[in-house]
Amino acid sequence: MPTLAERDHAVLWHPYTQMQTAPLPVPIVRGEGSWLIAEDGTRYLDGISSWWVNLHGHAHPHIARRVSEQLNTLEHVLFAGFTHPTAVELAEQLLELLPRNQARVFYSDNGSTAVEVALKMVLQFFHNQGQPERRTFLCFRDSYHGDTFGAMAVSSRGAFTQPFWPLLFDVEFIDVPTVGREAEVLAQLDAALARPEVAGFIFEPLVLGTAGMVMYAPEILSEMLRRCHQHGVLCIADEVMTGFGRTGPLFASELLTEQPDMMCFSKGLTGGTLAMGLTTCAAPIYAAFLSDDKMKALFHGHSYTANPIACAAALASLELTRADECTAQRQRIAAAHAAFRQEIDGEPGIRQVRQQGTILAVEYDPGEGTSYFSRLRDTFYQLAIDSHVVLRPLGNVVYLLPPYCTTNEELELLYAVLRRMRELVLNHVPATNLPEYLHD
Ligand SMILES: *Cc1c(COP(=O)(O)O)cnc(C)c1O
């Protein structure tokens, strides 16, 4: 009898995976709190909320109950010409919590589509007002906004998107204003804003996730937004990863003194249960689409737009997120991270430790000039799996982004793995110690 992993290998094609050399996938059959339970009973501690989506633990009974009730009430209805209670309730609740200027909610399917919608809103905003020449986006050189074409275009021109570069529309890249680089980046921004065709600025607020949890301060971002607004440039906060408490406050944008015009959400939106995306915008943007002319409408939508089950999951998750208990959990995780950070920051083998709320990133210093560096990611990954912990290193950066229900004891298990990774870097573990499949 072939195992589940072998059956998978015969028929499936996994994302971000070189199928020829990747090890067989880990077969997970059940989830419980911060744990994923494999076919053979092995329990893996989920240190990254299953690709940054889970907030309150796996198979959470409250979300399960609400989803089940919704399934038995209304599973789906088209969202053009029709509406339903969970879509309205969710939009009402979110607008209450979001920065005050956010006035409208547009549903879609995932983070990439939430970004596509925001980009299209910006372009058509200017088109509808007779300024189609305003069509250039500003974005951070190391940003990640998704894998669809528009989202790829406003993301880093990294190796992953190279086959598509010729088809990606031109954007203006600026650097991330990390500590010490603020003045330089403001100069880059001013130069870009001098061009009249600039329409929008899209950014991951405070933390660039895929770039390696690169962090920068709310003060400099607020100043950048202020300068964009002086030039009539619309600002899009991509809170797909940072939303719903990850960075401390409910939304990273809460720490800004200048508010974005549009916001994108997904990932934690449903607590990690169902795929859903959502774009919000300020009143003047919505107003630019109102007209007796039907062609000024936003002609964008997906078959599953505002799916009632996904909306019910989001409402259930939001209820848990808004509870005092969740705020306390996030504060507890942030405090534990800060203590661990104190412990290892500045130690040999560590280049930098970064933290924003429940996100902790350790950048290891693997030394220079060896093929060791490129192998480090796979070595770290395997060490985590062998330690029954799920982590997904980004090169030499290993980050923790745990579900909020993760206990202090469970956090200790994660920190222990991060400490072992430091020992591994210090001892320059020879490549021959790697499992067979990691040799190229
Ligand atoms: C993951 C992510 C996206 C893309 O979301 P998908 O649901 O994977 O399409 C967009 N922006 C940011 C900041 C993300 O982290």
Side-chain angles (χ1 to χ4, degrees), residues 12-17 48-56 58 63 67 70 75-80 86-87 90-91 94 98 102 104-122 137 139 143-156 158 160-161 164 168 202-205 207-211 236-246 251-252 260 262-281 298-318 321 392 401 403:
L12 284 169
W13 189 347
H14 285 265
Y16 285 98
T17 303
I48 56 164
S49 299
S50 288
W51 251 357
W52 317 353
V53 298
N54 190 290
L55 300 186
H56 309 293
H58 291 280
I63 301 178
V67 164
Q70 187 60 44
E75 85 303 339
H76 190 62
V77 61
L78 70 163
F79 208 59
T86 50
L90 179 58
L94 280 175
L98 289 173
Q102 298 300 301
R104 292 278 160 175
V105 173
F106 191 99
Y107 287 107
S108 66
D109 291 349
N110 54 58
S112 302
T113 57
V115 167
E116 296 288 339
V117 167
L119 300 178
K120 286 171 81 168
M121 279 180 181
V122 168
F137 286 96
C139 33
S143 60
Y144 176 77
H145 296 292
D147 285 347
T148 51
F149 268 84
M152 278 195 290
V154 293
S155 296
S156 153
F160 293 167
T161 60
F164 317 108
L168 302 182
I202 182 164
F203 53 91
E204 298 162 79
V207 187
L208 281 78
T210 305
I236 307 167
D238 177 353
E239 292 234 22
V240 168
M241 188 275 282
T242 52
F244 302 99
R246 269 300 156 207
F251 305 104
M262 268 166 284
M263 299 176 78
C264 303
F265 302 97
S266 186
K267 293 208 165 107
L269 174 58
T270 61
T273 50
L274 285 150
M276 180 158 74
L278 185 153
T279 310
T280 64
C281 73
L298 181 61
F299 288 101
H300 184 106
H302 301 279
S303 316
Y304 283 89
T305 293
N307 174 257
I309 304 166
C311 290
L315 278 169
S317 176
L318 196 57
T321 310
R392 241 185 109 78
L401 201 141

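Excluded from the calculations below are hydrogen atoms, water molecules and symmetry mates; all remaining heavy atoms, backbone and side chain alike, are included.
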If only atom types and distance count, is the side chain of [X] paired as donor or acceptor with the main-chain N or O of [Y] below 3.5 Å?
X: Thr279; Y: Ala114; result: yes
X: Thr113; Y: Asp109; result: yes
X: Gln102; Y: Pro260; result: yes
X: Thr305; Y: Ser303; result: no
X: Glu239; Y: Met263; result: no
X: Ser112; Y: Ala151; result: no

Is the closest side-chain heavy-atom distance between Ser50 and His58 below 4.5 Å?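 A side-chain contact under 4.5 Å exists here.
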Taking the side chain as everything from C-beta on, heavy atoms only, tell me whether Tyr144 gets closer than 4.5 Å to Thr161.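 Contact flag for Tyr144/Thr161 side chains = no.
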According to ring-ring contact (aromatic ring centres under 6.0 Å, His included), who are the partners of Phe106, at least two apart in sequence or on a separate chain? none
Listed pairs under 3.5 Å, donor-acceptor, residues 269-276 side chains, sequence neighbours left out:
{"residue": "Thr270", "atom": "OG1", "partner": "Thr273", "partner atom": "N", "Å": "3.3"}
{"residue": "Thr270", "atom": "OG1", "partner": "Leu274", "partner atom": "N", "Å": "3.1"}
{"residue": "Thr270", "atom": "OG1", "partner": "Leu274", "partner atom": "O", "Å": "2.6"}
{"residue": "Thr273", "atom": "OG1", "partner": "Thr270", "partner atom": "O", "Å": "2.7"}

List for me each residue that meets side chain to side chain donor-acceptor pair (under 3.5 Å) alongside Ser49, sequence neighbours excluded, and say none if there are none.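 Ser49 satisfies side chain to side chain donor-acceptor pair (under 3.5 Å) with Arg246 once adjacent residues are dropped.
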Crowded around Tyr304 OH? As in, over 12 foreign heavy atoms under 6.0 Å?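 For Tyr304, atom OH is not crowded (no more than 12 foreign heavy atoms under 6.0 Å).
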Is it the case that the ring center of His302 lies less than 6.0 angstrom away from the ring center of His300?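 Yes, the ring centres sit under 6.0 Å apart.
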Output for pair (Phe160 CZ, Met152 CE), nearest 0.5 Å, gives 13.0 Å
Among Leu168, Ile202, Ile236, which residue satisfies the side chain to side chain contact (heavy atoms under 4.5 Å, CB included) criterion with Val154?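 The side chain to side chain contact (heavy atoms under 4.5 Å, CB included) with Val154 is passed solely by Ile202 among Leu168, Ile202, Ile236.
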Between Leu90 and Thr86, is the side-chain contact (heavy atoms from CB on, under 4.5 Å) condition met? List the steps. CA-CA 6 Å; Leu90 179 58; Thr86 50; 6.0 Å; no
Between Phe244 and Ser317, does a side-chain contact (heavy atoms from CB on, under 4.5 Å) hold up when you go through it step by step? CA-CA 10 Å; Phe244 302 99; Ser317 176; over 6 Å; no
